[in-house]
Each structure stands twice: as structure tokens, then as C-alpha cells.
Amino acid sequence: MEVNRPDPDLFPAFNGEMARAMRLETEMVFAAILRENRSILEFLDGKFTFVNERLPRTMAWRAWRGEEMRRVELDGARRGGVLTRAAC
């Protein structure tokens, strides 16, 4: 369920596909932490995420090709854990 939508003037690239990718990123991080039996602290400061070609453009990361979600490490990134996901 969508509660908030970004301001279209500030985020003109936002659309339904991007919203789905943002939600899937959070779900995949959560599932990976559980599946890999990682520390519960990784919900707060985990250093990996999942992206497809829609998300990196939004986050100013290098360009990816394709809709498939790929796991990436966040070494040195200011993001970490579930709370810094775009969908949160």
C-alpha cells in the first residue's frame, strides 16, 4: 500500500516501476538477512542492498542494465540497513 508519493517536481523519474523496485529492494534485503542468518544489527547498518537499472539512476550510482535485481556491497556508502532504503 502506498502512503506517500514523491513530489513530481522534485522526482520526475518516479513511476510505478520505480516504486515496485524500491519495495523489492527492501524485501530482498530483509529476506537475505533472514536466509543467511545474519546478525539482527544488519537491519540497522547492513552494508549491502539490491538494485536494478531503475534504482541506481535514482541514487546516482553507476548505471546497471536490466530489470533483474543484483546484490551490491555498500562499502563506504552513507547508506546501510533497512531504514535507509528508498521504500522506507
Side-chain angles (χ1 to χ4, degrees):
M1 174 168 116
E2 292 182 39
V3 177
N4 297 313
R5 294 190 67 73
D7 182 331
D9 293 330
L10 296 174
F11 302 97
F14 183 83
N15 60 29
E17 291 297 318
M18 185 176 295
R20 280 187 283 284
M22 290 164 52
R23 189 172 43 253
L24 184 56
E25 174 196 17
T26 300
E27 292 169 357
M28 291 179 76
V29 168
F30 188 88
I33 290 171
L34 294 178
R35 182 179 56 253
E36 297 168 15
N37 197 28
R38 299 176 79 92
S39 168
I40 195 166
L41 296 176
E42 292 210 36
F43 285 113
L44 299 176
D45 68 357
K47 297 298 181 195
F48 69 94
T49 194
F50 293 86
V51 296
N52 66 6
E53 73 178 15
R54 295 183 188 283
L55 294 177
R57 281 183 278 201
T58 305
M59 299 174 207
W61 289 352
R62 63 184 162 151
W64 295 95
R65 296 283 184 223
E67 293 298 317
E68 179 183 342
M69 298 294 277
R70 296 176 177 96
R71 184 176 177 147
V72 295
E73 298 302 316
L74 298 173
D75 294 335
R78 293 177 50 173
R79 295 182 65 211
V82 174
L83 297 179
T84 61
R85 303 292 167 245
C88 291

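In what follows, every heavy atom counts, from backbone to side chain, and hydrogens, waters and symmetry copies are set aside.
Counting heavy atoms from C-beta on, the side chains of F30 and R35 never come closer than 4.5 Å. Looking at V72 and F48, their side chains never come closer than 4.5 Å, going by heavy atoms from C-beta outward. Looking only at side-chain heavy atoms (C-beta outward), F43 and I33 come within less than 4.5 Å of each other.
In this structure, the separation between OG on S39 and CG on D45 is 8.0 Å, given to the nearest 0.5 Å. Distance check: M69 CE to T49 OG1 gives 7.0 Å after rounding to the nearest 0.5 Å. Atoms CG and CZ, on N52 and R20 in that order, are 11.0 Å from each other to the nearest 0.5 Å. Note that the CD atom of E53 and the CD atom of E17 stand 10.0 Å from one another [nearest 0.5 Å].
Other residues, nucleotides and ligands contribute only 12 or fewer heavy atoms inside 6.0 Å of the CD1 atom of I40.
Shortest non-hydrogen contact noted between F50 and E25 is O-CG, 3.2 Å.
E36 pairs by the side-chain hydrogen bond (donor to acceptor under 3.5 Å, both in side chains) definition with R38, R71, not counting sequence neighbours.
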